[in-house]
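Structure, as structure tokens:
It should be emphasised that the depicted structure is a prediction, and the values quoted were computed from it without experimental measurement.
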Amino acid sequence: MIIERADVIVTSPDRNFVTLRLETSDGHVGLGDATVNGRELAVVSYLRDHVVQLLIGRDASRIEDTWQFLYRSAYWRRGPITMAAIAAVDMALWDIKGKAAGLPVYQLLGGASRTGLLAYGHASGRDNEELFDSVRKHQAEGYKAIRIQAAVPGLTSIYGIASNATFEANKGARYDHEPAQRGAFPAEEDWDTRSYLRHIPTVFEAVRNEFGPEIPLLHDGHHRMTPIQAASLGKSLEPFDLFWLEDLTPAENPEALRLVRQHTTTPLAIGEIFNTVWDYQQIIREQLIDYVRGAVTHMGGISHLKKTLEYAAQYQIKSGMHGPTDISPVGMAAAMHLGLSIHNFGIQEYMKHGAATDSVFEQSFTWADGMLHPGDEPGLGVALNLDEAGRYPYEQAYLPYNRLADGTVHDW
Ligand code: GCO
Ligand code: MG
């Protein structure tokens with residue numbers, strides 16, 4: 001099982017995706033997701049210019065050895081670009097191993113630990129009425145757990161909220177900048193943490209009054225608070241029994257969560273921009289979080305995220321893998337196989353991809369009754385339609401950024 005061919009495919013059906021496609025001497029094809037939202041071509045270069053030539057002629061069955069070789073031989077370790085490139089190779093090799101064995105990847109990882117994966121979707125609204133519509137739309141699509149993001153009075157545009165046109169088009173199932181906005185410069189939004197902290201508890205109170213106590217509700221703070229502000233938010237949301245509060249403080253200072261923990265029992269999730277187990281080491285050991293948000297795509301692949309989650313399991317910390325649409329269908333499939341097999345699965349984020357994306361990536365996962373399942377096709381269960389992929393060339397796109405009222409650039 002020798003790797004004979006390695007191609008990096010960039011396609012932009014609803015958004016940009018970077019996919020590594022490996023072919024072996026015995027005819028197996030393996031796919032890996034290497035998409036880093038807004039910085040896609042950096043990973044393309046890392047793979048095309050530095051990795052592909054190292055793969056040709058290697059034994060495709062040696063997944064762990066290939067991971068260690070790519071990680072340790074580069075000298076420059078960690079970081080989103082390196083770890084997404086390694087992740088793509090790792091995913092593609094698991095895909096090939098599954099195909100060679102005639103088994104879905106979750107069987108190679110130990111088999112199913114559950115019947116399906118509880119998934120959450122993203123509801124949003126400019127006011128409570130719109131937000132309720134968006135929650136109802138998600139419930140009608142089967143979602144049993146829902147992330148709640150709401151506009152803040154006085155702020156004209158904030159991330160994660162559908163504006164007029166977007167809301168009408170899809171009842172809040174997609175928000176502005178989802179997918180990232182195409183163009184040569186990021187869009188600018190505004191931000192004010194004090195207004196946000198005043199407003200959000202009123203939104204959760206209204207949602208609980210409307211939808212009752214049972215439904216798991218989540219919220220994303222997008223790294224915008226100081227530790228004491230985050231502590232205050234966690235405390236003020238306690239009466240509304242959140243499933244988790246995500247990314248409250250900037251990820252560079254994970255020990256900031258110590259102070260948040262001292263003040264609130266609201267469960268905490270972090271790590272969608274983390275790349276390795278070392279980013280999590282301290283916060284897992286000190287039990288400063290409840291959910292690991294890392295994506296297979298950004299955490300060095302199935303092999304490395306599995307190790308991270310097994311370390312987390314020793315501390316009763318569960319998975320909450322990142323799953324917005326910038327995780328490609330290949331990355332989502334990898335998350336589903338891993339999530340199905342580990343013991344400490346928590347929840348899976350799931351934003352549906354658009355029709356164009358689904359035509360490029362033929363998928364075999366199922367979505368029923370609020371649960372995902374990767375299916376039983378050998379490998380990851382995703383096929384890349386090269387003709388369709390070729391119809392959608394790369395287009396530059398950026399995530400938005402935000403400024404305070406006085407013009408200061410704020411945290412993402
Ligand atoms: C999430 C994320 C997304 C990110 C996006 C950036 O929780 O799903 O925060 O909303 O903004 O994935 O690439
Ligand atoms: Mg997030």
Side-chain angles (χ1 to χ4, degrees), residues 8-19 33-49 79-85 122 124 126 149-152 154-170 172-193 195-196 220-225 246-247 249-252 272-275 295 297-298 322-328 331 351 353-354 356-357 360 389 391-412:
V8 183
I9 290 125
V10 186
T11 178
S12 192
D14 299 293
R15 67 178 320 133
N16 294 313
F17 293 113
V18 179
T19 310
D33 177 24
T35 308
V36 174
N37 200 3
R39 295 292 186 273
E40 296 87 357
L41 299 186
V43 201
V44 173
S45 164
Y46 192 104
L47 284 167
R48 275 193 191 143
D49 299 335
I81 307 303
T82 299
M83 297 312 290
H122 291 196
S124 78
R126 284 163 304 169
Q149 304 295 125
V152 174
L155 298 183
T156 47
S157 157
I158 63 174
Y159 184 75
I161 317 296
S163 68
N164 223 342
T166 321
F167 195 88
E168 288 320 316
N170 61 38
R174 281 278 187 285
Y175 39 86
D176 296 358
H177 313 301
E178 175 41 54
Q181 185 175 287
R182 287 174 171 162
F185 204 80
E188 188 178 302
E189 303 194 311
D190 47 358
W191 185 249
D192 182 288
T193 309
S195 312
Y196 165 78
D220 194 340
H222 291 301
H223 305 115
R224 292 180 184 193
M225 282 156 268
E246 172 187 347
D247 287 349
T249 52
E252 296 92 323
E272 69 182 44
I273 65 168
F274 288 5
N275 317 121
T297 310
H298 303 128
H322 196 209
T325 61
D326 45 293
I327 304 297
S328 90
M351 280 185 91
H353 286 113
T357 300
V360 170
R391 292 180 51 210
Y392 302 103
Y394 169 80
E395 284 185 58
Q396 186 146 49
Y398 285 103
L399 282 158
Y401 78 110
N402 63 83
R403 288 183 188 271
L404 307 180
D406 69 357
T408 308
V409 174
H410 192 60
D411 289 307
W412 199 87

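- By the side-chain contact (heavy atoms from CB on, under 4.5 Å) test, Ser45 is found to be paired with Asp49, residues two or more places apart in sequence or in another chain being considered.
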Test side chain to side chain contact (heavy atoms under 4.5 Å, CB included) applied to Gln149 and Tyr159, step by step: CA-CA 9 Å; Gln149 304 295 125; Tyr159 184 75; over 6 Å; no
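- Contact detail for Ile327 and Ala295: the closest heavy-atom pair is CD1-CB, 3.6 Å.
- Taking 4.5 Å as the limit, every side-chain heavy atom of Glu40 sits out of range of all side-chain heavy atoms of Val10.
- For the pair Val152/Arg126, no side-chain contact is recorded, criterion being any heavy-atom separation below 4.5 Å from C-beta on.
- By the neighbour-count criterion of 12 heavy atoms within 6.0 Å, atom CZ of Arg48 is densely surrounded, having more than that number from other residues, nucleotides or ligands.
- The shortest side-chain heavy-atom distance between Tyr398 and Arg182 does not fall under the 4.5 Å cut-off.
- Pairing each heavy atom of Asp220 with each of Glu246, the nearest pair is OD2-OE2, 3.0 Å.
- For the pair Glu189/Tyr401, no side-chain contact is recorded, criterion being any heavy-atom separation below 4.5 Å from C-beta on.
- Atom-to-atom distance recorded for Ser195:OG and Ile158:CD1 is 10.0 Å, nearest 0.5 angstrom.
- When all heavy atoms are compared, the tightest approach of Ala180 to Ala397 is O-CB, 3.8 Å.
- Between Tyr46 and Ala85, the shortest heavy-atom contact is CD2-CB, 3.4 Å.
- When all heavy atoms of Ser124 and Ile161 are compared, the closest pair comes out as OG-CA, 3.7 Å.
- Rounded to the nearest 0.5 Å, atoms NE2 (His410) and NE2 (His223) are 11.5 Å apart.
- The CD1 atom of Ile81 lies 9.0 Å from the CG atom of Asn275; values are rounded to the nearest 0.5 Å.
- The shortest side-chain heavy-atom distance between Thr19 and Val8 does not fall under the 4.5 Å cut-off.
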Test side chain to side chain donor-acceptor pair (under 3.5 Å) applied to His122 and Tyr175, step by step: CA-CA 9 Å; His122 291 196; Tyr175 39 86; 3.1 Å; yes
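- Figure legend: cation-pi geometry between Arg224 and Trp191, with NZ or CZ positioned under 6.0 Å from the six-membered ring centre and within 45° of its axis.
- Between His298 and Ile273, the closest side-chain pair of non-hydrogen atoms is not below 4.5 Å.
- Within the 3.5 Å criterion, the main-chain N or O of Asp411 finds a donor-acceptor partner in the side chain of Asn402.
- Ion pairing between Glu178 and Arg15 holds under the 4.0 Å rule for side-chain N and carboxylate O.
- No donor-acceptor pair closer than 3.5 Å links the side chain of His222 to the backbone N or O of Trp412.
- No side-chain heavy atom of Arg403 sits under 4.5 Å from any side-chain heavy atom of Asp190.
- Of the possible polar contacts, none joining the Thr35 side chain to the Phe17 backbone as a donor-acceptor pair under 3.5 Å is found.
- What you find for Ala84 and Val43 is that their closest heavy atoms are CB-CG1, 4.1 Å.
- No side-chain donor-acceptor contact under 3.5 Å links Asn37 to the backbone of Leu399.
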